[in-house]
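This report refers to the structure that appears directly beneath it.
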Amino acid sequence: MDLAYTEEEEDFRARLRGWLAGVLPTLPARPDPLDWPGRRAYDTAWQRRLYDAGYADVHWEAAPTLRLIFLEETERAGAPYVGANFVGLLHAGPTIAVEGTEAQKRRWLPPVLRGEEIWCQGFSEPEAGSDLASLRTRAVRDGDAYVVTGTKIWTSHAEVADWCELLVRTDPAAPRHRGITWLAMPMDAPGITVRPLRTLAGSAEFAEMFLDEVRVPADCRVGAENDGWRVTMVTLSFERGTAFVGEVVACRRVLTEVARRARANGRWDDAVLRRRLGRLNAEFAALWRLTQWNVSEAQLRGGGPGTGGSVFKLRYSHARQELYDAAAEVLGVGAWDADEEWTADRLSSLSYTIAAGTSQVQQNIIAERILGLPKGR
């Protein structure tokens, strides 16, 4: 497969680089990481700048290769990440673009692209994390609405969100994977209680969410009733396939800085550490080529990333943890300094083998859907 960029794609890269070089120096200071209302305002303002400049459509309307170039160049330039826009731009938006009705696309996609509405993700539950199909949040149809009762956890950006991509059980008698429905829930509906959760790194981008007979309009259902598991697989293919692309570029940059720091403080003399950093360099280079391959395949198929995203997510999660373990080795006692950027990133990396599907889940997907192995009993 030819992974080279076309002349048109390189022209897009050049235009984007020029625009970033001009706009980034004009941005205001970034808000405190714990100030989520401030972060929402900052992130949505950045998204509006992208929209006004004609770059907002890359997340689902442009060709996958242009999306890859966009993520690569914005990360290399140090541009703001999607931040509070994460779920809307990289999860719910792409899913609605593929599975939504024309009316749903007109209602929900433009406000996300313009930075006007924020989405959160209501998938995990206290007793249904890795085993997502065992979720128990109930939705009962009552006229033109679903009445939803249950609890969600690790609800990304719930405290600042306008909408929630919500998984509910609409047929308790059906087999686990067949009684689930994907809803778009307005976060201002009566009966919703949000309680922020503070992570090990000190941030609070997650929350518990308690739903007490929340009425969600039936026209907010994406896909057919009880077909939510299939729709969810579309969502997760984007989460695992392209949501981490910019982070691969970031990890390659960090790896370069780790090597520079090692040379400066004498740790470079350790041959074992040098081999470790060299292997990580090869690992992230291979992950980038895998990303290009997955995007090229998606472009040829005209769909989402597919199961190849699970291969990427599985290896990337572990490589990221290994990178920050190596950074801690280079830092020595400084690895415990709470003000050191790599310390916070190392704590954050611990979640990557759990978030977006555990490594064990990814291994099952690869075994069953790619290698064709029988399902475990």
Side-chain angles (χ1 to χ4, degrees), residues 1 3 64 67-68 71-72 75 81-82 86-87 90-91 94-95 121 123-124 128-134 154 156 177 199-200 206 229-230 232-255 276-299 301 303-327 345-376:
M1 178 177 291
L3 300 180
R67 185 181 314 131
L68 181 64
L71 293 170
E72 180 184 11
E75 178 57 44
Y81 188 47
V82 289
F86 184 87
V87 176
L90 303 183
H91 296 185
T95 303
Q121 185 182 65
F123 282 16
S124 296
S130 299
D131 187 14
L132 185 59
S134 65
W154 309 122
S156 307
H177 297 84
T199 69
L200 183 64
F206 301 114
W229 186 255
R230 183 191 61 78
T232 301
M233 292 304 100
V234 173
T235 305
L236 294 180
S237 74
F238 285 106
E239 183 177 33
R240 295 161 183 168
T242 56
F244 295 115
V245 167
E247 297 188 32
V248 174
V249 180
C251 285
R252 298 180 79 177
R253 187 184 68 247
V254 169
L255 181 59
R276 187 178 189 183
L277 297 181
R279 183 181 59 76
L280 281 168
N281 185 56
E283 184 94 43
F284 284 112
L287 280 167
W288 184 249
R289 296 303 274 180
L290 175 61
T291 297
Q292 291 178 304
W293 187 88
N294 284 340
V295 167
S296 296
E297 280 285 285
Q299 191 155 318
R301 293 194 312 268
T307 53
S310 289
V311 178
F312 168 85
K313 198 274 176 182
L314 175 64
R315 192 51 233 162
Y316 170 70
S317 298
H318 291 273
R320 181 183 175 92
Q321 291 178 350
E322 292 168 13
L323 167 63
Y324 286 105
D325 283 346
D345 287 338
R346 188 186 186 201
L347 294 176
S348 173
S349 75
L350 298 176
S351 69
Y352 276 63
T353 47
I354 300 173
T358 66
S359 291
Q360 291 79 8
V361 167
Q362 307 310 322
Q363 288 168 340
N364 284 341
I365 292 172
I366 293 166
E368 296 169 7
R369 302 183 196 172
I370 297 178
L371 301 179
L373 299 178
K375 291 187 177 183

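- Scanning all heavy atoms of the two residues, the minimum distance from Phe284 to Ala319 falls at CZ-O, 3.7 Å.
- Phe206 and Ser156 get closest at one heavy-atom pair: CE2-OG, 3.5 Å.
- Qualifying side-chain hydrogen bond (donor to acceptor under 3.5 Å, both in side chains) partners for Arg253, counting only residues two or more places apart in sequence or in other chains: Glu75.
- Between Trp288 and Val248, the closest heavy-atom pair is CE3-CG1, 4.1 Å.
- Distance check, rounded to the nearest 0.5 Å: CG of Leu280 to CZ of Arg320 gives 12.5 Å.
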Might you work through the side-chain contact (heavy atoms from CB on, under 4.5 Å) test for Phe86 and Gln121, ending with a clear yes or no?
-> CA-CA 10 Å; Phe86 184 87; Gln121 185 182 65; over 6 Å; no
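- Looking at heavy atoms from C-beta onward, Leu255 lies in side-chain contact with Asn281 at the 4.5 angstrom threshold.
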Mind running side-chain contact (heavy atoms from CB on, under 4.5 Å) on Tyr324 and Val254 for me, showing each step along the way?
-> CA-CA 9 Å; Tyr324 286 105; Val254 169; 3.7 Å; yes
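- Contact check on Arg276 versus Glu283 returns no salt bridge, with no Lys/Arg side-chain nitrogen under 4.0 Å from an Asp/Glu carboxylate oxygen.
- Closest heavy-atom contact between Thr232 and Phe123: CG2-CE2, 3.8 Å.
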